[in-house]
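Here's the structure, in structure tokens; my notes come after.
In this chain, residues are counted from 1 in sequence order. What you see below is based on every heavy atom in this structure, not just the backbone, and it leaves out hydrogens, waters and symmetry mates. These figures come from a predicted structure and were not determined experimentally. Read the numbers this way: they start at 1 and go in the same order the structure lists the ligands and their atoms.
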Amino acid sequence: MASNQFSDWTKVIKSTTKPDKETGAINPPIQLSSTFEQRDFDHFGKWDYSRSGNPTRDVLEDSIASLEHGTRGFAFATGMAAISTALLTLTQGDHIILTKNVYGGTFRLVTQVLVKYGIEYTFVDLGDEDALRNAFQKNTKVVYIETPSNPTLQVTNIADVAKIAHEHDALAFVDNTFMTPILQKPLDLGADLVLHSGTKFLAGHSDILAGLIVTKDPSLGDQVYFLQNAMGATLGVSDCWLLLRGIKTLAVRMEKESANALELATWLEQQPLVTKVNYPGLPSSPEHQVQASQAASGGAVLSFDIGSEDNVRKLVELVKIPVFSVSLGAVESIISYPPKMSHAEMSPAERHVRGITDGLLRYSVGLESVEDLKADLKQAFDQIK
Ligand SMILES: *Cc1c(COP(=O)(O)O)cnc(C)c1O
């Protein structure tokens, strides 16, 4: 594991670059072997079968553990595989409290899958301390946080919620996909387990699907390891290597994309067509203070409202730089329309109470020139009004 004395900018390089003692090759090999020959009948080596452990996957798992200031990392086939595995540390009769702004896939898992195995749930506004305290039951085992939330970028105070969870003998799990360990370290803020869709910023190039878990406490780490091996949704070796390559540029991408997002958000606030900008990096944002207390920046995702679905339809056709698709966190800018994409399953009423209005567009800001991104939106706005 990369020594914790290094800064993240050094760690993303050192933890992903491992010179091979025999060949001198500086990158970890893509170790495409499902099985490992054992030295002799009585002495087994470190690896035996790749579901249980693989040298390439080990480098990735150590890298993310070190970046998150945890002790163990675990790599999965997708973010949802990581989240499923983490939540299966619960047993029948247990109860989870989740942020009401949780990722749609997590919502589906909890309300349509885990419920079949007797795992109960309550969704609350984690910013409302009384509501959170009232949601605890005798059987509550986990409080599940996601911050900033998708797509309205609401911020949850991780330290406060983790403390309240611990007062009730529950653990705090944090989906850190939007921030990555470069911008926010939930374990340092008191969380017990960190989750990632590695598909997004960590991989960073819209190429692979991946998921990660990081733990600090050894016994929680043992439970996750047991489930990773028992359920078997591990990340393939080639994708482990691609994720390692993505992590090498994570620090520089997060810094530049966050700076671009702040500049774009500041500009959007001044546009007559824009009725609202959601971005926790803006000093004018109601979320700014908490965000600044626990994260290095507002991140690279923002959303804004341009009044109506019709305006969004026109904008999507008029912009020339961002791609119109689901997903986020890549080198290229990506715009999406939550009411018809990530939140299509919700009724308009359910969407509206969550601030997902008909004119809302999500913008994941990439590495293009921010001047070009502004000019591109401007020419579109000019043709709409
Ligand atoms: C995409 C995403 C997930 C799910 O990850 P997959 O890799 O698509 O399975 C979970 N949480 C958040 C916040 C996400 O953006």
Side-chain angles (χ1 to χ4, degrees), residues 60 64 68 73-88 96 98-114 123 126 142 144-156 158 173-184 186 191 193-214 228 231-236 239-240 242-243 246-247 250 254 257 261 278 280 291 295 298-303 325-330 334-338 341-345 354 356 362-366:
L60 170 65
I64 192 65
E68 287 285 7
F74 305 92
F76 297 87
T78 65
M80 284 320 302
I83 293 167
S84 307
T85 303
L87 290 179
L88 281 174
I96 325 168
L98 302 103
T99 168
K100 72 175 184 3
N101 294 311
V102 81
Y103 175 73
T106 309
F107 181 87
R108 182 171 49 206
L109 173 73
V110 169
T111 59
Q112 294 186 47
V113 182
L114 296 184
F123 290 98
L126 291 181
V142 166
Y144 190 98
I145 302 166
E146 194 179 308
T147 180
S149 71
N150 180 30
T152 53
L153 289 303
Q154 271 159 357
V155 175
T156 298
I158 296 172
F173 288 7
V174 178
D175 183 333
N176 203 27
T177 299
F178 270 48
M179 288 288 101
T180 84
I182 299 299
L183 301 182
Q184 176 170 279
L193 182 147
V194 176
L195 293 149
H196 282 285
S197 170
T199 311
K200 316 291 169 53
F201 290 101
L202 292 170
H205 296 74
S206 301
D207 46 8
I208 59 162
L209 295 173
L212 296 161
I213 293 178
V214 180
Q228 182 192 37
M231 292 169 62
T234 55
L235 186 61
D239 287 350
C240 287
L242 284 169
L243 191 46
I247 290 172
L250 183 64
M254 292 316 290
E257 289 175 1
N278 299 309
Q291 181 70 9
V301 182
L302 56 88
S303 61
S325 63
V326 296
S327 202
L328 54 98
I334 300 175
I335 52 172
S336 68
Y337 184 54
M341 292 173 152
S342 51
H343 293 69
E345 280 180 48
R354 288 171 170 82
I356 307 165
R362 189 183 73 195
Y363 201 124
S364 171
V365 185

Give me the nearest non-hydrogen protein atom to [atom] as residue plus atom name, then the distance to 0.1 Å.
| atom | result |
| --- | --- |
| atom 5 (O) of ligand 1 | Ser197 OG, 3.0 Å |
| atom 4 (C) of ligand 1 | Tyr103 CE2, 3.4 Å |
| atom 2 (C) of ligand 1 | Lys200 NZ, 2.5 Å |

Can Ser327 be said to touch ligand 1, with heavy atoms closer than 4.0 Å?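 Per 4.0 Å heavy-atom rule, Ser327 does not contact ligand 1.
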Taking the side chain as every heavy atom from C-beta outward, state whether Tyr144 and Leu87 have any atom pair closer than 4.5 Å.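 With C-beta onward as the side chain, the pair touches.
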Answer yes or no: is there a side-chain heavy-atom contact under 4.5 Å between Ser206 and Ile334?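 With C-beta onward as the side chain, the pair touches.
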Which ligand 1 atoms, with their elements, are less than 4.0 angstrom from a heavy-atom of Ala210?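 By the 4.0 Å cutoff, the relevant atoms are 7 (O).
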Identify, by atom number and element, the atoms of ligand 1 in contact range of Glu146, meaning under 4.0 Å from any of its heavy atoms.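 That gives atoms 13 (C) of ligand 1.
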What distance do Ser149 atom OG and Arg354 atom CZ have between them, rounded to the nearest 0.5 Å?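 One finds 10.0 Å between OG of Ser149 and CZ of Arg354.
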Nearest 0.5 Å, please: how far is NE2 in His205 from CG in Leu243?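 Reported value, rounded in 0.5 Å steps: 11.5 Å.
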Yes or no on side-chain contact (heavy atoms from CB on, under 4.5 Å) for Thr111 and Phe123, after CA distance, side-chain angles and deciding distance? CA-CA 10 Å; Thr111 59; Phe123 290 98; 3.8 Å; yes
For a side-chain contact (heavy atoms from CB on, under 4.5 Å) with Val214, tell me which candidate from Ile64, Asn176, Val174 qualifies.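 By the side-chain contact (heavy atoms from CB on, under 4.5 Å) criterion, Val214 pairs with just one of Ile64, Asn176, Val174: Ile64.
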Give yes if a backbone or side-chain nitrogen or oxygen of Met80 is under 3.5 Å from a nitrogen or oxygen of ligand 1, and no if not.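 Yes, Met80 has an N/O under 3.5 Å of an N/O on ligand 1.
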Polar contacts were defined as any N/O atom of the residue lying under 3.5 Å from an N/O atom of the ligand; does this apply to Thr199 and ligand 1?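 By distance alone, the answer is yes.
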Winner among Asp175, Thr78, Ile83 once heavy atoms are compared against atom 12 (C) of ligand 1: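 Nearest heavy atom to atom 12 (C) of ligand 1 lies in Asp175.
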Please walk me through it: do Asn150 and His343 pass side-chain contact (heavy atoms from CB on, under 4.5 Å)? CA-CA 10 Å; Asn150 180 30; His343 293 69; 4.1 Å; yes
